[in-house]
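Have a look at the structure below, then the notes.
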Amino acid sequence: MKKIVLKMSELNLRNERYGKLEYASLHVMEGDITSFLGLNYSGKELAVQILLGEIDLDWNKNKVYIDGQKIQRASDLHPLVYHLCADSPGIENWTVAEYISLTEVNWFLSKKVKKRLLKETEQQLEEVGIHIDIQKKMNSLNVLERRMVEVMRARKKGARILILEDECEGMDREMLCSYEQFLKKVIKNHMAAILICHSDMATSVLADNYIIFRRGRIVKKWKKNSAYNNGEISDYLLGGTMIQKKNSLDSYARKIRPGKDIVYSVRNLAIGKTIEDYDFRKGEISTFVLVNHTERMKLFMNLSGRITPDSMQYLLNGKFVSRPAYLSFIKNKVVSVMKSGNDYEIFEKMSVGDNLILPSLRKIPRLVYMVSGDKMSEILSEEMEHESLINNDIVYHLDKNNHINISFNRWYVFNPKAIILYEPFTSCDAYGVSIILSYIKKMADRGTAVIVIKSNIEYMHGISDRVFIIE
């Protein structure tokens, strides 16, 4: 019979960064993978931060139990909770065996003890059916192997709760199914797993149960494939008002077919071992799918002009040029966004209006900008697509979905010839995905060539005019 590993009772607290929890109670079972679902700032992030020991709270009023033992202080959680996220640092020059077995850097272990630890690691991997050479370096593992090794390390350390904060970038459905089977073997009789993931595909494959947060409260506990489930997950996830807003965004249909005019081109673009030429047409949506993270990032950097290899040529202002300066791309209305809504794409201490006007400053004399500030704000307010954004709002006080709005509104106002988006849906909740898709369609209708670079086709298969699957 499965045991309750984690129990959280009557959680009541507010946090400026992670939202709030009101009378929240939940439990997680050993051997289960439980997904925390909710919009950003719904309370799910706050619950995770409590388990990571990052939140200062009254441990007497807010009750947290692991294996029936009440947690008295944040430090009690550290040996019991293992946090696996996509950018877990690892020790790149260590072997798999060293990384799993030597949970602390300790060079004073005798050769005999090290040999015994390595042998134990090899046996543990064999028990769960992992066929990884334990002498491989961590930096040579693929995305699935890397995650497997991290999970084995968590088990080796004796963790009881495994927090998987992972968008599963670079993993297709087949790989996710292999990961799910592996996780079930490893955590059985050892751990409970909590999944924090915004990918619908990854969550549907990996999770056994869902706990749905909305506005600080737990509104539904949902067991996958249960006959007792009522309605749809989205009904609980969004609520009536948000469902209407999301449906409004999703209902937008493209009005203009892609044109024949080429607005952006690259020559001699190297992807892996191939060298290709690509033309992008007015109002066309193109999606590149690459599993390999290094190649995916390289493609984005080269296509966007953030890195310009000597061998490449770019079509800017009707002419092919080599090694153009990055500002030449913006001047010629070819722009790029790396993970929309992230801090490095917006300026949190500035107002919404100032964020939106930034791309156009080079075209406006400074004196005119200073004199015409009020008039410019009026123009921006008319151009802005979402009425929830107020021109004078300070960005820092807005939530993630508003950050996404600002990031895309900026380029919507700028009306670029081409926009290159790298993993635009990373860390987006369901509403954020709809915001981005609506902007992609609206920008294409304005004549912008939209180029999306992702690790999988999720969310883009229904709206792409062209899809390039790069093996």
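Within 6.0 Å of the CZ atom in R466, the count of heavy atoms belonging to other residues, nucleotides or ligands exceeds 12. Other residues, nucleotides and ligands place more than 12 heavy atoms under 6.0 Å from the NZ atom of K255. A 6.0 Å sphere centred on NZ of K7 holds no more than 12 heavy atoms belonging to other residues, nucleotides or ligands. Counted within 6.0 Å of NE2 on H461, heavy atoms from surrounding residues, nucleotides or ligands total 12 or fewer; the atom is thus considered open. No more than 12 heavy-atom neighbours from other residues, nucleotides or ligands sit within 6.0 angstrom of NZ on K119. Counting non-hydrogen atoms of other residues, nucleotides and ligands closer than 6.0 Å to CG of D56 gives a total of 12 or fewer. Sparse packing is recorded around CD of E174, with 12 or fewer heavy atoms of other residues, nucleotides or ligands lying under 6.0 Å away. Within 6.0 Å of the CD atom in Q72, the count of heavy atoms belonging to other residues, nucleotides or ligands exceeds 12.
The structure places OH of Y41 at 10.0 Å from CD of E16, a figure rounded to the nearest 0.5 Å. Distance check, rounded to the nearest 0.5 Å: CZ of R155 to CD1 of I187 gives 10.5 Å. How far NE2 of H27 is from CE of M8: 13.5 Å, rounded to the nearest 0.5 Å. Between the CE atom of M148 and the OH atom of Y179 there is a distance of 8.5 Å, given to the nearest 0.5 Å. Going from atom OG1 of T287 over to atom CG of L421 covers 9.5 Å, rounded to the nearest 0.5 Å. Here the CH2 atom belonging to W222 is positioned 12.5 Å from the CG atom belonging to N209, to the nearest 0.5 angstrom.
In this structure a side-chain-to-backbone donor-acceptor pair under 3.5 Å is missing from D445 to R254. For K454 (side chain) and N456 (main-chain N/O), a donor-acceptor pair under 3.5 Å exists by modelled atom type. At least one donor-acceptor pair under 3.5 Å links the side chain of K70 to the backbone N or O of W59. The backbone N or O of G272 sits less than 3.5 Å from a side-chain atom of E295, completing a donor-acceptor pair. Checking side-chain atoms of N62 against main-chain N and O of N12 turns up a donor-acceptor pair under 3.5 Å. Remark: side-chain polar atoms of T203 are paired, donor with acceptor, to backbone N or O of S199 under 3.5 angstrom. The backbone N or O of I271 sits nowhere less than 3.5 Å from a side-chain atom of K298 that would complete a donor-acceptor pair. Here the side chain of E10 pairs no donor or acceptor atom with the backbone of K63 at under 3.5 angstrom. Between the H78 side chain and the D76 main chain, no donor and acceptor come within less than 3.5 Å of each other. Of the possible donor and acceptor atoms, one in the side chain of K44 sits under 3.5 Å from a partner among the backbone N and O of G38.
Using a 30° and 60° split on the angle between ring planes, Y439 and Y412 fall in the perpendicular class, above 60°.
R160 has a carboxylate O that lies under 4.0 Å from a charged side-chain N of E30, or vice versa, which qualifies the two as a salt bridge. By the 4.0 Å N-to-carboxylate-O rule, E45 lies too far from R17 to be salt-bridged with it.
A donor atom on one side chain and an acceptor atom on the other are not found under 3.5 Å apart for N40 and Y431. Between the side chains of E169 and H293, not a single donor N or O lies within less than 3.5 Å of an accepting N or O.
Relative to the six-membered ring of Y252, K442 meets both conditions, a distance below 6.0 Å and an angle of at most 45° to the axis. In this structure, R153 forms a cation-pi arrangement with Y99, its terminal cationic atom sitting closer than 6.0 Å to the ring centre and no more than 45° off the ring axis.
Between F36 and V48 the shortest heavy-atom distance is CD2-CG2, 4.1 Å.
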